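First up is the structure itself, then whatever we jot down about it.
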Amino acid sequence: MNLIKNLQWRYAVKKYSDELVSEDKIDQIIEAINLTASSCGIQPYRLFVITNAEIRQKLGEGSFNSQIYASSHLLVFAGFNTITNDYINTYVEMTERQRNLEVGALDILKNTLISHFSIQTPEQNATWSSKQAYIGLGTALIAAAELKVDATPMEGFNPELFDDILGLSEKGLHASVIMSLGYRDEENDYLASVPKARLPINEFSMKIH
Ligand SMILES: Cc1cc2nc3c(=O)[nH]c(=O)nc-3n(C[C@H](O)[C@H](O)[C@H](O)COP(=O)(O)O)c2cc1C
């Protein structure tokens with residue numbers, strides 16, 4: 001499988017070159033993320049793709065991760081703060097349209113989702129949404145590796161600062177996790193030539209027959 005080779009090739013880049021990733025590749029990575037599975041299938045997070053240098057400089061303030069501003073693109077995965085009935089209604093209606101179903105055909109699903117999410121606290125909904133966002137992060141890492149685009153997943157950022165600068169709270173969102181994209185600076189990134197460290201497969205995984 002070529003994917004294994006690409007996953008061996010990738011690493012969390014610390015220092016990027018000035019080379020920019022083409023919009024075509026960025027669009028493929030975005031499409032891959034949009035195709036990611038999510039629990040209940042309702043995609044409870046949104047993706048922001050940021051190139052604006054000034055905004056990125058501000059987002060990186062106080063963080064040890066210079067990749068926030070010194071890379072080609074920055075992806076911000078922003079989880080929903082809560083799952084509203086309106087959102088479920090709209091999402092289920094969209095699904096009915098896309099599957100050529102009659103209006104109301106998915107009412108049972110809709111009502112199940114509404115009752116499920118309404119008994120969760122907003123905090124539980126927000127935590128759940130962030131978990132879904134992390135699955136998108138995984139897809140993004142894989143998609144980037146397939147395109148031989150470098151990436152760094154990052155939790156080392158100030159979520160409140162991101163929420164503030166990107167106006168996420170007004171949108172009912174919060175910054176869950178971020179990822180930079182670009183091309184490694186082979187000569188100046190100390191990690192570029194470091195062998196990958198991973199557990200032996202039989203220590204990491206157990207087959208139960
Ligand atoms: C959710 C998550 C958060 C991470 N946060 C950071 C970070 O803030 N800064 C950083 O340089 N690397 C970060 N990393 C990269 C990890 O340190 C890296 O993936 C790990 O050491 C394995 O190395 P590899 O990805 O190069 O194979 C993060 C990785 C993940 C999955």
Side-chain angles (χ1 to χ4, degrees), residues 1-19 21 25 29-30 32-39 43-50 55-80 126-166 168 173-205:
M1 181 163 64
N2 216 30
L3 176 61
I4 300 289
K5 279 205 187 79
N6 291 332
L7 292 177
Q8 277 160 347
W9 169 85
R10 68 146 296 280
Y11 72 99
V13 168
K14 295 279 181 207
K15 183 147 182 28
Y16 287 90
S17 72
D18 293 335
E19 195 184 343
V21 180
K25 287 187 175 164
I29 293 168
I30 296 171
I33 301 167
N34 188 42
L35 285 167
T36 299
S38 59
S39 180
Q43 300 185 267
Y45 59 97
R46 292 293 177 263
L47 180 70
F48 293 81
V49 183
I50 306 169
I55 294 175
R56 291 176 63 184
Q57 202 67 43
K58 285 187 193 154
L59 292 173
E61 268 169 30
S63 168
F64 59 89
N65 283 311
S66 59
Q67 305 96 313
I68 291 172
Y69 49 84
S71 57
S72 173
H73 289 67
L74 180 71
L75 306 186
V76 178
F77 295 78
F80 285 11
T127 304
W128 176 81
S129 298
S130 272
K131 286 184 186 173
Q132 306 310 313
Y134 271 73
I135 302 173
L137 175 84
T139 303
L141 282 166
I142 292 167
E146 285 278 280
L147 293 167
K148 287 278 163 68
V149 170
D150 281 302
T152 315
M154 288 173 279
E155 286 179 318
F157 66 99
N158 180 342
E160 288 80 25
L161 185 69
F162 272 58
D163 292 353
D164 187 30
I165 291 172
L166 301 175
L168 297 181
L173 299 167
H174 62 280
S176 301
V177 67
I178 63 172
M179 184 174 131
S180 54
L181 292 166
Y183 294 101
R184 63 189 70 174
D185 179 347
E186 197 109 37
E187 278 178 19
N188 296 303
D189 189 346
Y190 71 98
L191 282 177
S193 55
V194 168
K196 211 168 245 321
R198 288 294 189 275
L199 291 168
I201 290 284
N202 59 2
E203 193 178 326
F204 175 69
S205 71

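Just so it is clear, the structure is predicted and the values come from calculations on it, not from any experiment. Indexing begins at 1, ligand by ligand and atom by atom, following the structure's order.
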Would you say ligand 1 has an N or O under 3.5 Å from any N or O of [X]?
X    : value
N65  : yes
R198 : yes
Y11  : no

Do the side-chain N and O atoms of [X] and [Y] include a donor-acceptor pair separated by under 3.5 angstrom?
X    : Y    : result
Q43  : N34  : yes
H174 : S130 : yes
Y16  : S180 : yes

My question is simple, although I want it checked carefully: is atom 5 (N) of ligand 1 less than 4.0 angstrom from any protein heavy atom?
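Answer yes: something from the protein, a heavy atom, is under 4.0 Å.
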Determine if the distance from atom 20 (C) of ligand 1 to the closest protein heavy atom is below 4.0 Å.
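No.
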Is it the case that over 12 heavy atoms from other parts of the model lie below 6.0 angstrom from the CG atom of L3?
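It does: L3 CG has more than 12 such atoms within range.
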Option whose closest heavy atom lies nearest to [atom], chosen from [options]:
atom                    : options               : result
atom 26 (O) of ligand 1 : A197, G156, A12, S176 : A12
atom 12 (N) of ligand 1 : P153, G138, S63       : P153
atom 3 (C) of ligand 1  : Q8, K196, E155, R10   : E155

When you measure from the heavy atoms of F64 to every atom of ligand 1, does any distance fall below 4.0 Å?
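For ligand 1, residue contact (heavy atoms, under 4.0 Å) with F64 is present.
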